[in-house]
Amino acid sequence: MDGMALLTVTVLAVFVGFEVVSKVSSTLHTPLMSGANAIHGIILVGAIIVAGQAAEPLVLAVALLAVVLATANLVGGFVVTDRMLHMFHAKKDAGQAAAARKAGGK
């Protein structure tokens with residue numbers, strides 16, 4: 001494929017991805033984020049393998065950039081999932097929350 005075809009596929013993928021994700025209801029975001037985290041973990045493993053087998057400096061630089069970006073995406077996905085799951089926890093009443101903060105030294 002030439003450069004213009006690759007750019008066209010990338011732009012179309014961005015538009016399709018945006019449309020698909022924007023139509024997801026809020027109750028499905030947590031399971032979808034968990035699935036996305038698994039996919040990003042596979043991408044991270046692939047980037048590490050490519051970086052380990054890189055023979056040229058340019059390939060190594062791009063592979064290391066891929067490792068850094070995949071790691072940031074993976075960690076960020078888990079942080080977002082954790083925050084979303086905390087939204088579903090039962091809220092403590094004010095007295096229990098204050099006692100818990102006092103006991104924790106905060």
### Message
Side-chain heavy atoms nearer than 4.5 Å, only ILVMFWY residues, links allowed to pass through others: does that put L7 and F15 together?
### Response
yes

### Message
Do V9 and L6 sit in one hydrophobic cluster, given that two such residues count as connected whenever their side-chain heavy atoms are within less than 4.5 Å of each other, even indirectly?
### Response
yes

Under 3.5 Å, sequence neighbours excluded: what are the donor-acceptor pairs made by side chains of residues 68-80?
{"unit_1": "T71", "atom_1": "OG1", "unit_2": "V67", "atom_2": "O", "d": "2.7"}
{"unit_1": "N73", "atom_1": "ND2", "unit_2": "H40", "atom_2": "ND1", "d": "3.3"}

### Query
In the hydrophobic clustering that connects Ile, Leu, Val, Met, Phe, Trp and Tyr at side-chain heavy-atom distances below 4.5 Å, which members other than F18 occupy its cluster, ordered by chain and number?
none

### Query
What heavy-atom pair brings L60 and A51 nearest, and what distance separates the two atoms?
CD1-O, 3.5 Å

### Message
Restricting to side-chain contact (heavy atoms from CB on, under 4.5 Å), what partner residues turn up for A61, sequence neighbours left out?
### Response
none

